[in-house]
Amino acid sequence: MPLAAVMTAPHKPIEVQNLPAAKVEPGGILLETIFSEVCGTDVHLHRGHLAGVPYPIIPGHVSVGRVVETGGAVTDIEGRLITVGSVATFLDVHETCGNCWYCLVAKASTRCPHRKVYGITYSANDGLLGGWSEQIYLKPKVKTILLPPSVPPERLIAAGCGLPTAIHAIERAAITLGDIVAVQGSGPVGLNVAILARLSGAGGVIVIGDPPNRLAAAKGFGADEVISVAGTSPAGRVERVKALTGGRGADITIEATGVPAAVKEGMQMTRDGGRYVIVGQYTDVGDVSINPHTEINKKHLEIRGCWGSDFSHFYRMVNVLARHGDRVGWEKMISREYALGEMNTALADVAAGRVVKAVVKPHCRLLGRSIRRLG
Ligand SMILES: [Zn+2]
Ligand SMILES: [Zn+2]
């Protein structure tokens, strides 16, 4: 009977429960969880911000584990056999149909209405389908990746869901070598966007965020300039970005804040003819007024939304970690590891921004270890 941390309903304390063991179907995989993560999405889930969530759920959408059982011969995307004892991760999105208008015509599978997400849209009543659990059951056809030996599980989970989301945002941003990139937000998505902007050849990276521990992390990961939100006004931040860019504004701005007002500001801090990518408005927290003349039309601004990530981004994440992992050291992002019994604290810490990255170590029977490295 594996233990799992269950979110029974919004605003209710997380409960550690004994859940029935998984029955592995042909093509399925059972993982013993090494790490899962706690991110802003889990805070949204706990506050009831997302529609259609089948509580009770086992949160934890990006996870890494050791294979303990497979339903017959199962292979990864490269055709390699997934054997007992190997370390694997998987795309949290499952059941993307490949048959609907979005999948086939728009080629935007992240908008497929049939998609299900581990840790978010599967109920705990349906099985061990989230990472805050000692074991995770991967249903047949869950897209699984064997971790290369050069990518330690700790590094993978530190990158977590923030890195594939950032890879998608960077793809949408289409950075040209030498571009000055402004990043609004210094949470895991913003930090990963800043890291990837540098790897993409940005001529300069400006991170606008808070609190100080996250801005210190941004600096540590190579941001050229950081701007504290607390210490500045919206107009002051726009002026600061303009002052850093010859009075013009950033060539590309990427929003990763979740605050609607940041969108207006982001449009203003982008140069005429520049590009603005919005990835942080994951939940609906209201409207914001814009001036279509000065902020879009006359500015000749290109605005692109970016929703979720698909397998291509997840696959690229593992390659990016294998190629650049030693240089970037993503694991420095981990502020603290939490045991299953500490998930209420973990959610509170993430909500307050006290941690840069919070990870769950379900087999840690004692209290998680605090390993502040950055910020
Ligand atoms: Zn579909
Ligand atoms: Zn997440």
Side-chain angles (χ1 to χ4, degrees), residues 5 7 14 33 35-47 49-50 52-53 57-65 89-122 129-133 136 141-143 155-169 185-193 196 214 256-258 279-283 306-314 317-318 321 330 333-338 343 346-347 349-351 353 355-360 362:
M7 191 181 285
I14 308 299
T33 315
F35 288 115
S36 188
E37 60 166 0
V38 190
C39 79
T41 301
D42 302 308
V43 175
H44 289 307
L45 286 166
H46 196 229
R47 293 178 177 174
H49 289 168
L50 299 176
V53 176
I57 60 167
I58 305 170
H61 38 280
V62 172
S63 309
V64 56
T89 185
F90 59 97
L91 181 68
D92 53 355
V93 176
H94 188 45
E95 297 184 39
T96 303
C97 76
N99 263 319
C100 70
W101 190 89
Y102 283 103
C103 283
L104 291 173
V105 181
K107 294 187 176 148
S109 67
T110 65
R111 298 304 303 137
C112 172
H114 304 288
R115 71 204 280 272
K116 293 267 200 179
V117 188
Y118 273 71
I120 300 175
T121 61
Y122 279 124
L129 306 176
W132 295 7
S133 170
I136 309 170
K141 294 200 168 79
V142 165
K143 292 165 191 69
R155 185 169 287 171
L156 184 285
I157 206 66
C161 60
L163 183 53
T165 305
I167 288 175
H168 194 187
S186 53
V189 174
L191 292 175
N192 276 297
V193 164
L196 294 180
R214 290 184 168 188
T257 67
V279 66
Q281 306 288 319
Y282 183 65
T283 57
C306 181
W307 184 252
S309 51
D310 66 24
F311 186 75
S312 73
H313 310 113
F314 199 69
M317 157 164 97
V318 177
L321 290 171
W330 269 269
M333 242 181 241
I334 299 176
S335 309
R336 186 170 163 183
E337 295 171 353
Y338 297 84
M343 300 319 295
L347 283 172
D349 287 347
V350 170
V355 289
V356 177
K357 187 78 197 175
V359 306
V360 191

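Both counts, for ligands and for their atoms, begin at 1 and track the order of listing.
- Rounded to 10°, the angle that SG of C97 and SG of C103 form at the Zn ion (ligand 1) is 120°.
- Residue W132 forms a side chain to side chain contact (heavy atoms under 4.5 Å, CB included) with just one option from S63, S36, P362, and that option is S36.
- For Y102, the OH atom sits in a loose shell: 12 or fewer heavy atoms of surrounding residues, nucleotides or ligands are nearer than 6.0 Å.
- Here the angle centred on the Zn ion (ligand 2), running from SG of C39 over to SG of C161, is 120°, rounded to 10°.
- Contact annotation: the side chain of R115 never approaches that of T121 to less than 4.5 Å [non-hydrogen atoms, C-beta and beyond].
- Relative ring orientation between H49 and H44 is described as tilted, the plane-to-plane angle lying within the 30° to 60° band.
- One of the N, O or S atoms belonging to C100 lies under 2.8 Å away from the Zn ion (ligand 1).
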